[in-house]
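Inspection log for the structure reproduced underneath, given as structure tokens.
For the single chain, residues carry numbers from 1 onward in sequence order. In this text the structure is predicted, and so the values were computed from the model without any measurement.
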Amino acid sequence: MGAWGIWIAAQAASRRKVLDGILAWLSVAVAFGLILKFGGSLPSQVVRALHVGFLCLVAGAMLANHRAGSSWLRAAGWIVGLAGFAVGLYQWALYNDLLVRSGDLNTMDLAVGVAALAILIYLVWRVMGPALPIVAGLFLAYCLFGHWLPAPLDHRGYSFDQVIEHMSFGTEGIYAVPTLVSATYIFLFILFGAFMEKAGVIDFFNDISMAVFGDKQGGPGKVCVASSALMGTVSGSGVANVVASGQFTIPLMKRFGFTSAFAGGVEATSSMGGQIMPPVMGAVAFIMAETIDVPYAKIVEAAIIPAILYFVACYLAVHLEAGKRDLVGLPKSELPNAWAELRKNWFLITPLGVLVYLLFAGYTPLFAGAVGLSLTVGLILGTAIVAGLAVPALRVAFWVGLALVSALSLAASVTLVLAVVAVLSVWSAFSGRGRMTLQGCVDAMADGARQALPVGLACAVVGIVIGTMTLTGLGTIVGNWMISIGKDNLLLALVLTMVFSLILGMGIPTIPNYIITSSLAAPILLKLDIPLIVSHMFVFYFGIMADLTPPVALAAFAAAPMAKESGLKIGVQAVKIALPGFIVPYMAVYDPTLMLQPVPGLQGTAYWIAVGYIVVKASLALGLWGVAAVGYFLKPVSWWERAWAAVAAGLLVAALPVTDEVGFVLAAFFIGFHLWHTRRTSAATVSG
């Protein structure tokens with residue numbers, strides 16, 4: 001820090017602009033000061049409070065600098081942001097005192113608590129719209145006035161002081177588990193995705209997808225599905241995937257004959273699937289792992305088969321639609337060569353490979369993400385440095401040396417990994433290309449912060465819902481009602497849970513939707529003997545589907561400007577394409593082997609035979625659903641054939657005696673009839 005300060009002073013003496021340098025120095029100095037107050041690591045409560053404080057500061061600054069229409073509004077934005085940051089500093093400075101005063105807060109504590117809630121709700125309203133603050137406000141009002149409601153919705157009543165302390169202090173309200181996950185895993189992996197994109201991984205995935213699928217029937221649509229699936233392994237943000245890849249894929253699909261609505265629907269559906277695509281499944285997977293206290297690798301394991309089925313169904317929908325419209329692929333001469341791309345850029349995915357290895361080797365997501373991020377930064381900086389080395393032997397020696405030092409530092413101490421990154425940063429600072437690369441890294445950090453901002457704010461404000469559950473017992477009230485339904489009709493309980501998730505998701509993003517619905521419904525499903533991970537996955541999947549379901553389909557409306565089509569029409573097409581997303585969770589509830597969950601009495605070979613059976617059954621059902629939705633198989637199918645396929649698929653999904661057998665028979669007859677009819681029609685055409 002001293003050397004850096006001297007450098008800034010020297011720059012100032014040379015009459016160069018140093019304002020950015022001074023602000024950067026102060027930012028790092030403040031960060032060090034916040035950490036050094038406590039011996040060892042920061043207390044979890046302090047980490048959460050400072051995280052929300054920084055989110056408020058950044059949100060207020062962004063509103064002030066980019067949305068304020070007057071100097072007064074700009075000042076107001078900065079004041080609100082600084083006040084939110086001051087709330088975090090209050091919990092940092094008085095952490096021990098607040099522990100002692102727990103249960104008996106003073107007037108200043110209560111004022112800070114009220115300010116924390118008011119500032120957070122206001123900023124979420126401005127950044128994300130009114131839906132989530134309204135939901136949080138209703139739950140907060142229930143805490144304060146719910147004792148006036150009729151039984152069984154009433155509670156015993158809580159004082160204003162109790163509600164404020166529960167929501168604004170401790171780890172039950174706005175600083176609950178979602179905020180902790182946002183402050184650790186979520187931000188880290190969003191930053192990892194931003195740096196991977198800066199390294200060129202997204203372009204690499206697009207090129208590979210173009211090379212493999214571009215010349216197939218309906219090639220542009222299949223490229224969209226494949227590239228979104230690959231992007232989902234890095235970036236878990238569905239709407240961000242729509243915006244990132246849709247600018248390329250949607251115009252391409254339209255140019256080759258797909259309708260605007262269908263092109264937008266394919267992009268929205270496949271991009272939202274990125275949130276369920278391992279290994280980086282998005283923020284919800286980390287929140288789920290922390291909430292139900294299972295390793296992240298177990299969440300990934302449960303998601304593998306459903307994710308593959310989801311993207312296979314999207315691919316099939318594109319294939320059938322292309323056949324229906326007689327659309328061909330792109331000329332082979334216009335496509336990149338897959339092997340050439342792999343030979344040229346294979347190293348770009350090495351950080352992702354290391355990340356996957358560490359996750360499945362039992363390391364924590366925090367450790368794996370930190371290592372993956374460090375390696376990605378090293379890769380970006382190293383590429384720029386190597387470009388400045390004229391001698392090929394020096395380039396080889398550099399990469400070998402960097403690999404050996406990185407491996408040694410991982411074995412010795414993770415701190416050394418950061419030291420390697422620091423050395424590469426200093427090296428880059430003294431070369432023209434390196435300085436441009438460092439600026440790119442700064443831009444990646446800014447992109448990561450922008451993407452993480454709404455996620456973190458949502459995690460904090462949705463803590464009000466969690467706090468209401470733990471304070472009033474509202475979850476028990478709703479749970480008892482749903483359990484009474486589920487005891488007599490599990491399917492009805494599942495449908496109610498799905499409808500609740502879809503309605504809630506019309507106004508709020510997937511993360512708060514999952515948190516709210518899982519707080520209410522997932523424990524109920526668990527009590528109905530549904531496995532723990534499956535019950536949470538059921539809620540998670542329909543939170544994703546809500547972003548595709550009209551009338552408020554966030555992913556569809558994100559694709560609308562690029563498709564130049566109504567978001568409502570795109571949403572309708574997306575629901576047709578994403579129909580498997582509605583089916584797979586139900587099949588997993590009735591047969592948990594679809595999510596690789598243990599089943600009593602099934603072990604060894606018998607278990608894997610059961611897994612193979614459910615995968616075959618699910619694949620056949622999804623294929624039949626696709627035929628029914630699109631209206632095409634080997635040739636167009638009539639309305640009664642579509643109904644036939646839909647009934648066969650429905651029987652395969654239903655978990656009732658003999659429905660599987662009847663479904664397989666109907667499917668076999670449908671396929672046989674269609675093949676016979678297609679051949680007879682072709683023969684008649686040829687003879688004619």
Side-chain angles (χ1 to χ4, degrees), residues 41-52 55 167 170-193 236-237 275-303 355-356 358-373 451-452 454-470 475 508-523 525-526 531-541 543-544 595 597:
S41 60
L42 286 174
S44 180
Q45 173 69 24
V46 173
V47 170
R48 304 178 197 203
L50 287 176
H51 178 64
V52 175
L55 290 171
M167 294 297 177
T171 56
E172 294 293 341
I174 60 177
Y175 304 124
V177 169
T179 297
L180 174 64
V181 178
S182 173
T184 51
Y185 307 146
I186 293 176
F187 183 78
L188 183 64
F189 277 82
I190 287 177
L191 202 59
F192 173 72
S237 174
Q275 294 184 78
I276 59 172
M277 189 67 184
V280 182
M281 294 171 53
V284 172
F286 296 106
I287 295 173
M288 187 189 303
E290 196 73 18
T291 301
I292 64 180
D293 194 25
V294 300
Y296 178 75
K298 290 293 183 183
I299 305 294
V300 171
E301 183 180 289
L355 174 70
V356 173
L358 292 175
L359 285 174
F360 282 90
Y363 292 93
T364 66
L366 198 59
F367 177 86
V371 171
L373 177 59
Q451 293 177 39
V455 175
L457 288 174
C459 286
V461 81
V462 85
I464 295 173
V465 177
I466 297 175
T468 301
M469 302 292 175
T470 56
I508 63 177
T510 306
I511 296 167
N513 185 357
Y514 163 76
I515 295 169
I516 295 171
T517 314
S518 65
S519 300
L520 283 168
L525 299 180
L526 183 62
L532 180 63
I533 292 181
V534 174
S535 62
H536 280 261
M537 281 288 188
F538 186 89
V539 172
F540 175 28
Y541 271 64
I544 293 173
M595 290 187 179
Q597 299 303 295

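- Leu355 places a side-chain heavy atom less than 4.5 Å from the side chain of Phe192.
- Residue Leu532 holds its CG atom at 10.5 Å from CE of Met537, rounded to the nearest 0.5 Å.
- Under the side chain to side chain contact (heavy atoms under 4.5 Å, CB included) test applied with Cys459, the options Ile174, Val52, Ile287, Leu180 reduce to a single match, Ile287.
- With no hydrogens or angles considered, a side-chain donor-acceptor pair links Ser182 and His51 at under 3.5 Å.
- Between Ile299 and His536, the closest side-chain pair of non-hydrogen atoms is not below 4.5 Å.
- Side-chain contact between Thr179 and Thr171: absent, with no pair of heavy atoms (C-beta onward) separated by less than 4.5 Å.
- Rounding to the nearest 0.5 Å places CG of Leu457 at 5.0 Å from CG of Leu55.
- For the pair Glu172 and Met167, the minimum side-chain heavy-atom distance is 4.5 Å or more.
- Between Pro178 and Ile466 the shortest side-chain heavy-atom distance falls below 4.5 Å.
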Verdict with reasoning, Phe540 to Ile276, per side chain to side chain contact (heavy atoms under 4.5 Å, CB included): CA-CA 9 Å; Phe540 175 28; Ile276 59 172; 4.0 Å; yes

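- Atom OG1 of Thr184 sits about 9.0 Å away from atom CZ of Arg48, to the nearest 0.5 Å.
- To the nearest 0.5 Å, atoms OH (Tyr296) and CE (Met288) are separated by 10.0 Å.
- For Gln597 (side chain) and Met595 (main-chain N/O), a donor-acceptor pair under 3.5 Å exists by modelled atom type.
- A distance of 5.0 Å separates CD1 of Ile533 from CD1 of Ile292, quoted to the nearest 0.5 Å.
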